[in-house]
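Letters A, B, ... mirror the listed sequences (proteins, then strands); counts begin at 1. Predicted, not measured: the structure shown is a model, and the values here were computed from it.
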Number of protein chains: 2
Amino acid sequence: MSVVSLHEPSHRETLWELEAAFARGDTVSVFGECTVEYDGRAASSLGPGARLLVLKPDGTALVHTDEGRTPVNWQPPGSEHRAAVRDGRLRVRSTRTNPSETLNVRFSAVDHLAAYAVTGGRSVDVVGSEADLKARILEEPSLVADGFEPQATERETDAGPVDVFGVDADGHPVVVELKRRRVGPDAVGQLARYVSAVEREEPDGTPVGGVLVAPSVTDRAAELLAEEGLDHVAVDRLVAETDGTELEETDVVGDDDTVG
Amino acid sequence: MSVVSLHEPSHRETLWELEAAFARGDTVSVFGECTVEYDGRAASSLGPGARLLVLKPDGTALVHTDEGRTPVNWQPPGSEHRAAVRDGRLRVRSTRTNPSETLNVRFSAVDHLAAYAVTGGRSVDVVGSEADLKARILEEPSLVADGFEPQATERETDAGPVDVFGVDADGHPVVVELKRRRVGPDAVGQLARYVSAVEREEPDGTPVGGVLVAPSVTDRAAELLAEEGLDHVAVDRLVAETDGTELEETDVVGDDDTVG
DNA sequence: GCCTAGGTCCCGTCA
DNA sequence: TGACGGGGCCTAGGC
């Protein structure tokens, strides 16, 4: 694959290469001194500094500082990138509609630009998601409660879709909410909402059970569960149950040629 | 500022330059053909493809494809980057503890590398946050209800902190939940949790009001509010109330030197 | 360190 | 298209 890279280009050179890169569908990285302004769902302004700007062919724009996983400013996919030279500065503007948002990056100097055709697989199979937990529960419903029988997943209620819905050993409805990680009060509120919604559907007086399936719960969540008469079932994360040593095996001790 | 850039470097050259960049505290962008493996809170594997790898001096690692604002794989700040040549491939590994996580990027070929000292302001003042909405409410409490008197913000309850707590014209407690954007059932659940918690604290029978302050609510959220006896007050987002045309004014019609 | 909730959350999925 | 909830969410603020 070929890369186009410019070292300390003039604004005109940068402009030209950005145009070419957009036309090719390349992904572009730009290092330089810039200010950033954003206006849309919120608004922000960022003073001068040396930063990394990444522009993707799908309309994504990312402004990164030297810290943090989250870009300091950005524009989501679907935006439109345009570049121009104004007032002696290179301006890269990315706009989108619905909601209407504008990102404005103004470079006083561009120190480096690289354009490259990024291709290949984009999605990863993530193991250990809530979907995996659901499969595990459906495979072994007794994990939820002895005699529990699942009847539906994503069952709709007035309060939203229930992860797993079924009946207990007595035939009473049970709402199951699944979480892949330790949960706090919000998850209890979610489960309580679903239970209330099902109770409203049922004939008066029918008891409706609620079970929160998660690796663990915070103290406050436990209190709220007790107050609401709901249950918690601890189920370890699936990824922990597998022999997760594959990555390690590739890393033999005694590395040569190692830095960092 | 100076940039070091390598065009189609050998693995040894890449290794050397990565070591130097890490030592200098530079931010690095690498374009090349790679596979990615991740193991930690979840696990994933990404087949061969041309991608962008960004390495920051704070330990952040980002693997980007040509689509999406979210990196296809990453490592959060605080991780440790190491590079090595193994089996004819350049391996960049980023690890962290608590939780224990490993990101493994293996390059069959590096097409471009650039290292640069990213510096300057990192944080932006975002206007239009929930904090701004709170200030607006405290400034003009009648927006919540005629005669509403705020008494505390972030008041603690058994169910978590209440955004704004006060009393209505009759002296009865009122719980206010603020949202900067249109809300769904989850926000209603949150408000209901807080109201229930305050009711538990109060002498039996004391009515406790609940008000959701948000630009708008979904139909389902409105139903749930009604069922819970809670109120909604529509307050437009603050950013919309300002003359949000600053960015536009800088963009005079009839751009010269515009591409894209 | 954990807990709690916000976020320009992003993102997929489904009605 | 909007709505709804998951996420390796990330991040800030308390305790």
Side-chain angles (χ1 to χ4, degrees), chain A residues 38-44 60-61 63 67-79 96 98-103 123-124 126-131 133-134 154 156-157 159-163 177-187 189-190 193-194 216-221 237 239, chain B residues 38-44 60 67-79 96 98-103 123-124 126-131 133-134 154 156-157 159-163 177-187 189-190 193-194 216-221 237 239:
Chain A
Y38 155 74
D39 193 20
R41 288 166 291 179
S44 71
T60 300
V63 180
E67 290 187 351
R69 205 214 67 144
T70 306
V72 66
N73 279 112
W74 70 90
Q75 199 70 291
S79 308
R96 69 158 175 163
N98 198 9
S100 171
E101 294 192 298
T102 302
L103 179 71
S123 63
V124 292
V126 175
V127 175
S129 65
E130 183 179 301
L133 179 55
K134 183 190 294 181
E154 306 305 326
E156 276 299 330
T157 71
V162 168
D163 282 341
E177 175 63 28
L178 307 172
K179 294 295 175 191
R180 68 178 300 281
R181 57 175 186 166
R182 182 173 174 86
V183 297
D186 56 337
Q190 195 179 350
R193 264 196 292 134
Y194 298 150
S216 60
V217 301
T218 67
D219 288 351
R220 200 174 255 173
R237 288 176 42 220
V239 69
Chain B
Y38 154 73
D39 195 20
R41 286 167 292 178
S44 70
T60 299
E67 290 187 350
R69 207 214 66 145
T70 307
V72 66
N73 278 112
W74 70 89
Q75 201 69 291
S79 307
R96 70 157 174 163
N98 201 4
S100 172
E101 295 192 297
T102 302
L103 178 71
S123 64
V124 292
V126 176
V127 176
S129 65
E130 185 179 300
L133 179 55
K134 183 190 294 179
E154 307 304 326
E156 276 298 331
T157 72
V162 169
D163 281 341
E177 175 63 27
L178 307 172
K179 293 296 174 190
R180 67 179 303 280
R181 56 174 188 168
R182 182 174 174 84
V183 297
D186 56 337
Q190 195 179 350
R193 260 197 293 135
Y194 297 151
S216 59
V217 301
T218 66
D219 289 350
R220 201 175 257 171
R237 289 176 42 220
V239 69

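We find that NZ of B:Lys134 is positioned 13 Å from P of C:dA5, with the value rounded to whole Å. What separates CG of B:Asn98 from C1' of C:dC2 is a distance of 10 Å, to the nearest Å. Atom P of nucleotide C:dT8 and atom CG of A:Asn73 are separated by 10 Å, given to the nearest angstrom. Rounding to whole angstrom units, CD of residue B:Glu154 and P of C:dC3 are separated by 19 Å. In this structure, B:Arg181 atom CZ and C:dG7 atom P are separated by 9 Å, rounded to whole Å.
OP1 and OP2 of C:dG7 both lie 4.0 Å or more from every side-chain N or O belonging to A:Tyr38. Side-chain N/O atoms of A:Arg182 include none lying less than 4.0 angstrom from OP1 or OP2 on C:dC2.
Among the atoms of the strands shown, base atoms are found under 4.0 Å from some heavy atom of B:Gln75. Heavy atoms of A:Ala187 sit nowhere under 4.0 angstrom from any nucleic acid atom. Residue contacts for A:Gln190: at a heavy-atom cut-off of 4.0 Å it reaches the sugar-phosphate backbone alone, with no base atom in range. Heavy atoms of B:Arg96 sit nowhere under 4.0 angstrom from any nucleic acid atom. Using a 4.0 Å heavy-atom cutoff across all strands shown, B:Ala159 reaches sugar-phosphate atoms only and no base atom. The residue A:Glu101 sits close to a base: some heavy atom pair falls under 4.0 Å.
If you walk DNA chain D from 5' to 3' and mark each nucleotide with an atom closer than 4.0 Å to a heavy atom of chain B, the marks span D:dA3 to D:dT11.
Between B:Glu101 and B:Gly40 the shortest heavy-atom distance is CG-CA, 3.6 Å. Closest approach of A:Ala221 and A:Val217 over heavy atoms only: CB-CB, 4.1 Å. Pairing each heavy atom of B:Pro185 with each of B:Arg220, the nearest pair is CG-CD, 4.1 Å. A:Gly160 and A:Thr157 make their closest contact through O-OG1, 2.6 Å (heavy atoms, listed as atom of the first residue, atom of the second, distance). Here the closest non-hydrogen pair linking B:Arg180 and A:Ala42 is NH2-CB, 3.6 Å.
For B:Lys134 and B:Glu154, the salt-bridge test passes: some basic side-chain N is under 4.0 Å from an acidic carboxylate O.
Taking atom C1' on both nucleotides, C:dT8 is separated from D:dG14 by 25 Å, rounded to a whole Å. The separation of D:dG8 from C:dT4, taken at their P atoms, amounts to 22 Å, rounded to a whole angstrom.
A:Pro77 is listed as a side-chain neighbour of A:Thr60, based on a closest heavy-atom distance under 4.5 Å. The side-chain heavy atoms of B:Ser79 and B:Leu103, taken from C-beta on, include no pair separated by under 4.5 Å. Residues B:Glu130 and B:Asp163 have side chains in contact (heavy-atom distance under 4.5 Å, counting atoms from C-beta outward).
Each of B:Pro161 and B:Glu130 lies near DNA chain C, and the nucleotide nearest B:Pro161 is the one positioned closer to the 5' end. Position along DNA chain D of the nearest nucleotide to A:Tyr194 versus B:Val72 favours A:Tyr194 as the more 5'-ward residue.
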Show, in sequence, the C-alpha distance, side-chain angles and deciding distance for B:Arg193 and B:Glu177, and conclude whether the salt bridge (Lys or Arg N to Asp or Glu O under 4.0 Å) test is met.
CA-CA 11 Å; B:Arg193 260 197 293 135; B:Glu177 175 63 27; over 6 Å; no
Set out, in order, the CA-CA distance, both residues' side-chain angles and the distance that settles side chain to side chain contact (heavy atoms under 4.5 Å, CB included) for A:Thr218 and A:Arg182, then state yes or no.
CA-CA 7 Å; A:Thr218 67; A:Arg182 182 173 174 86; 4.0 Å; yes
Tabulate protein N/O versus nucleotide N/O from nucleotides 11-15 of chain C, keeping only pairs under 3.5 Å, one per line.
from   : atom 1 : to      : atom 2 : distance (Å)
C:dC11 : OP1    : B:Arg69 : N      : 3.0
C:dC11 : OP1    : B:Thr70 : N      : 2.8
C:dC11 : OP1    : B:Thr70 : OG1    : 3.0

Once pairs are restricted to Watson-Crick or G-U wobble with both distances under 3.5 Å, how does DNA chain D read as a dot-bracket string, [ ] for crossings and | for other-strand pairs?
|||||||.|||||||
